[in-house]
There are 4 protein chains.
Amino acid sequence: MSARDPIRQQLAEARRNQILDAAAQVFAEKGFHRASTKEIASAAGVSEGTIYNYFATKSDLVVGLMTRLAELESLDGELAEPLQGDVRTFFIANFRCRMTRIARQQELFQAVLPEVLVDPELRKTFYQQYVSRIAMMLEQYLLAQVEDGNMRPVDVPLTVRSLQGMFVGLLVMRLFGDEQVQARWDDLPEVLATLIFDGLRPRSDEIAK
Amino acid sequence: MSARDPIRQQLAEARRNQILDAAAQVFAEKGFHRASTKEIASAAGVSEGTIYNYFATKSDLVVGLMTRLAELESLDGELAEPLQGDVRTFFIANFRCRMTRIARQQELFQAVLPEVLVDPELRKTFYQQYVSRIAMMLEQYLLAQVEDGNMRPVDVPLTVRSLQGMFVGLLVMRLFGDEQVQARWDDLPEVLATLIFDGLRPRSDEIAK
Amino acid sequence: MSARDPIRQQLAEARRNQILDAAAQVFAEKGFHRASTKEIASAAGVSEGTIYNYFATKSDLVVGLMTRLAELESLDGELAEPLQGDVRTFFIANFRCRMTRIARQQELFQAVLPEVLVDPELRKTFYQQYVSRIAMMLEQYLLAQVEDGNMRPVDVPLTVRSLQGMFVGLLVMRLFGDEQVQARWDDLPEVLATLIFDGLRPRSDEIAK
Amino acid sequence: MSARDPIRQQLAEARRNQILDAAAQVFAEKGFHRASTKEIASAAGVSEGTIYNYFATKSDLVVGLMTRLAELESLDGELAEPLQGDVRTFFIANFRCRMTRIARQQELFQAVLPEVLVDPELRKTFYQQYVSRIAMMLEQYLLAQVEDGNMRPVDVPLTVRSLQGMFVGLLVMRLFGDEQVQARWDDLPEVLATLIFDGLRPRSDEIAK
DNA sequence: CATGAATGAGCCTTCATTCAT
DNA sequence: AATGAATGAAGGCTCATTCAT
């Protein structure tokens, strides 16, 4: 019986994920409040009661999804590190990485974001576990770049928030169904790199032309 | 009786606003679904039934608030026009104007945004009445600037979405309670102008140093 | 002002009828409970408040309609009297008269009957003012016929209820939309007279054939 | 678990009936609209929510009761068949059977009839499932009798409606609380047989007297 | 008398959560 | 651990009735 303990744990973990998958899908489609536990249960192929063996509360499903986001984030958090060669190239690569992840996790965001915006408790947790952690990472990175002279000496904290905000905002534009953003999502990293790195100001050499 | 008609209308309009004010406040505080019509009624100082004399449905309150946002937006839509002198200065002024409005209408956004993200019907309306209209205005403006050589020839549609997204995202950061964003909201226009107009790339003259 | 009293009364009476007409129509169409006073008011071309100047209660509208039925009934109550010549011919004439009235007042019945069946108070009043009065009239009539040897010595009270029931039942069949009953309503008096007067038993002379 | 399936089903059926019983009683007493689901629930000894595990809608309770009536009807539909010996005797027997059933199911009728008269949807269903089916059976029966010379060649469709109407009408008289009808319900089959079979016309032999 | 905005009690229905099996 | 029937609180909405104008 003791031999079965790890197996049990794995099964339990699998069941948990099965439920979270269903929750993500149903929340994304109908929103937290319009999604009933019955619906989630049937989408997960389990009974309503089973959900409550793994989550104390419907809200805890959102917490579970938030945690997923945070974990997925930290999984490829390393991507931020390898900086070598051209800064602009790195920007593009980094942006591409973020955009890809956002696209892949759109369902998760759609499921989590509106409820997070509405529930103070969740909001705080989400901010601490996810938003501010990314902000801090970005901040460290930018500070280093500025110090190394790879970037201009900007107001790092606010610049970081602006960048982070831009990603959130583009996600929101996606959720709104904006055609340009949806259709040309893959072009965004390049455009953003130009915008953020080069700025809109006409280049002197271009003016020269 | 005929003399009373316009008075009636004014009273009705006032009552409508009184209810919308209460709805904005309660929705912002507790979210659409956790806010009961009873609560809104008492916050508005009217009975529950009265709400339904002015709005067919609880959801229509959100529609009403959305319309408010759209109307307030178009009210100072003219601000985009007076462009003269330094582009960068104009950017700052324009950004300041937007940031101020966002701050002023934070409650409205907090009340409307999460529900809009969740309800496809509202989402579509909001996008058409608000988001895409602003996008189109910005697009026209940027195109003109590019043509006049005041800006570099960037990908205008995506750049516009990115800018718009940045504002949305910064609003979301505010809603998340990010301290930097909240405390230094008024510094943002300047920072943004620098970021967007000048870019992060080290200036050649700075490098020269 | 005293000269206007009778005029006022006439106006009031007209207004009352205007409201009752609307009530009959709306009740017939949607039933008592699904009909709102607002609907009745607008069908009558008056405001909701006005209804309450003439009727203390929504239920009193039904009472008013019941009274109408009773009054209309007594208006041509005399028709029962002129009995002369062939009894069978009289039966047909009498039945025809009843069927015609039922058809003419179908809306009134449809409006009143279901609610009367449901509300004990109304039920009692309706029974006393309408049903039992007709029953008594019929009873007297049948008794006289039996005494005069124009009819066989049947159980008069129950026979009367059966006849009355048949009319009610045929009305109900009409309300149910039975095609035969609706399409051939005018044939019913003849058929009923045969059924009731001659019976279904094969006639001896016919048997003789 | 597999062993439990049939038990589950039986329990569910029992619960359903328990709720329908309560609904019949409360509807009969107060009418469909004045009966609240809360009342029905407590009369059934279950919670309000449980009702909705078995019926999608309050109206569906009426549908359930209608179905009961139709099923009970078809249960003893065979009674119409065994015709042998005296036609008049058969009439009495048949009438007695119908009157008994009506009396036994008075509550059901009182619960269902008023609402059926008011709701077009229910009305149609009730007419098709119940009224017209009985009419068709009666029609076939009468046609056969007429062909065999056991009855006079009357207008069968309208005669059938009249008979059916008479039963409905006598039920209505019962619901109205008519004392004669209530007190002497058991005498009605005999009286009706006389009325319908022999007619009111004085018999020649009686006249002879 | 007429009006119609305001009222608020009450209803049907949903749904997160529990618990006996 | 899984089930799903039962629960009952809560909520959106309707509507008869009132009353100030």
Side-chain angles (χ1 to χ4, degrees), chain A residues 8 11-12 15 32-42 45-61, chain B residues 1 3-5 7-8 11-12 15 32-42 44-61, chain C residues 8 11-12 15 32-42 44-61, chain D residues 1 3-5 7-8 11-12 15 33-42 44-61:
Chain A
R8 292 239 166 158
L11 283 181
R15 190 57 51 97
F32 180 76
H33 286 276
R34 278 181 253 274
S36 66
T37 51
K38 176 166 292 184
E39 226 168 344
I40 298 168
S42 94
V46 301
S47 76
E48 263 183 292
T50 299
I51 292 181
Y52 285 86
N53 284 334
Y54 295 86
F55 299 91
T57 249
K58 192 189 173 192
S59 263
D60 283 355
L61 289 169
Chain B
M1 211 177 289
R4 241 159 181 167
D5 224 19
I7 295 183
R8 279 265 160 97
L11 283 180
R15 192 55 52 93
F32 180 76
H33 287 277
R34 276 181 255 276
S36 68
T37 51
K38 185 162 298 189
E39 229 167 340
I40 297 168
S42 90
V46 300
S47 77
E48 237 178 318
T50 298
I51 293 180
Y52 288 88
N53 284 337
Y54 295 86
F55 300 89
T57 261
K58 192 188 174 193
S59 262
D60 281 356
L61 290 170
Chain C
R8 293 240 165 158
L11 281 181
R15 191 55 53 97
F32 180 77
H33 286 276
R34 277 180 254 275
S36 66
T37 50
K38 177 166 292 183
E39 227 169 341
I40 297 169
S42 95
V46 301
S47 75
E48 263 184 291
T50 300
I51 293 181
Y52 285 86
N53 284 334
Y54 294 88
F55 299 90
T57 249
K58 192 188 174 192
S59 264
D60 283 354
L61 289 170
Chain D
M1 209 178 290
R4 239 158 180 167
D5 223 20
I7 295 184
R8 279 263 160 97
L11 283 181
R15 193 53 55 92
H33 286 278
R34 274 181 257 275
S36 69
T37 51
K38 184 165 295 187
E39 230 168 340
I40 297 169
S42 90
V46 300
S47 77
E48 241 178 315
T50 298
I51 292 181
Y52 287 87
N53 284 338
Y54 294 86
F55 300 90
T57 260
K58 192 188 173 193
S59 263
D60 281 357
L61 290 171

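Chain letters run A, B, ... following the sequence lines, proteins first and then strands; every chain starts at 1.
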**Q** Identify the stems formed by DNA chain E, where each pair is Watson-Crick or G-U wobble with both distances under 3.5 angstrom and a stem is at least 3 consecutive pairs.
**A**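 Output for stems: E:2-21 with F:2-21.
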
**Q** Taking OP1 and OP2 of E/dA2, is either one under 4.0 Å from a side-chain nitrogen or oxygen of C/Arg15?
**A**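 Looking at the OP1 and OP2 atoms of E/dA2, one of them is under 4.0 Å from a side-chain N or O of C/Arg15.
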
**Q** Quick one: closest heavy-atom pair of B/Thr37 and B/Tyr52, and the distance?
**A** CG2-OH, 3.4 Å

**Q** Go nucleotide by nucleotide along DNA chain F from the 5' end; which of B/Glu48 and C/Glu48 gets its closest nucleotide reached first?
**A**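 Per heavy-atom nearest nucleotide, the more 5' residue is B/Glu48.
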
**Q** Mind listing the residues from residues 33-41 of chain B sitting with a heavy atom below 4.0 Å of DNA chain F? Number order is fine.
**A**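 Residues of residues 33-41 of chain B that come under 4.0 Å of DNA chain F are, in numerical order, B/Ala35, B/Ser36, B/Thr37.
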
**Q** Which part of the nucleic acid, if any, lies within contact of A/Ala12, taking any heavy atom under 4.0 Å across all strands shown: a base, the sugar-phosphate backbone alone, or nothing?
**A** nothing

**Q** Looking at residues 49-58 of chain A, who's got a heavy atom less than 4.0 Å off DNA chain E?
**A** A/Tyr52, A/Thr57, A/Lys58

**Q** Could you state the interatomic distance from NE2 (D/His33) to CZ (C/Phe32), rounded to the nearest 0.5 Å?
**A**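 Output value for this atom pair is 10.0 Å.
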
**Q** Can you tell me the distance, in whole Å, between the CZ atom of C/Phe32 and the C1' atom of F/dA16?
**A**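 So the CZ-C1' distance, C/Phe32 to F/dA16, works out to 10 Å.
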
**Q** Atom NZ in B/Lys58, atom OG in B/Ser36: separation rounded to 0.5 Å?
**A**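 B/Lys58 atom NZ to B/Ser36 atom OG measures 7.0 Å (nearest 0.5 Å).
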
**Q** Between atom CG in B/Leu11 and atom C1' in E/dA5, what is the gap in whole Å?
**A** 10 Å

**Q** Please name the pair of heavy atoms, one in B/Phe55 and one in B/Asp60, separated by the smallest distance, quoted to 0.1 Å.
**A** CD2-O, 3.8 Å

**Q** Please round to the nearest 0.5 Å and tell me the distance separating atom CD1 of B/Ile51 and atom NZ of B/Lys38.
**A**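 If we round to the nearest 0.5 Å, B/Ile51:CD1 and B/Lys38:NZ are 11.0 Å apart.
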
**Q** Taking only the side-chain nitrogens and oxygens of D/Ser47, find out if one of them lies under 4.0 Å from OP1 or OP2 of F/dG8.
**A**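 It does not, given that no N or O in the side chain of D/Ser47 lies less than 4.0 Å from OP1 or OP2 of F/dG8.
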
**Q** Using every non-hydrogen atom in the two residues, find where A/Ala41 and A/Ser47 come nearest and quote the distance to one decimal.
**A** CB-C, 3.7 Å

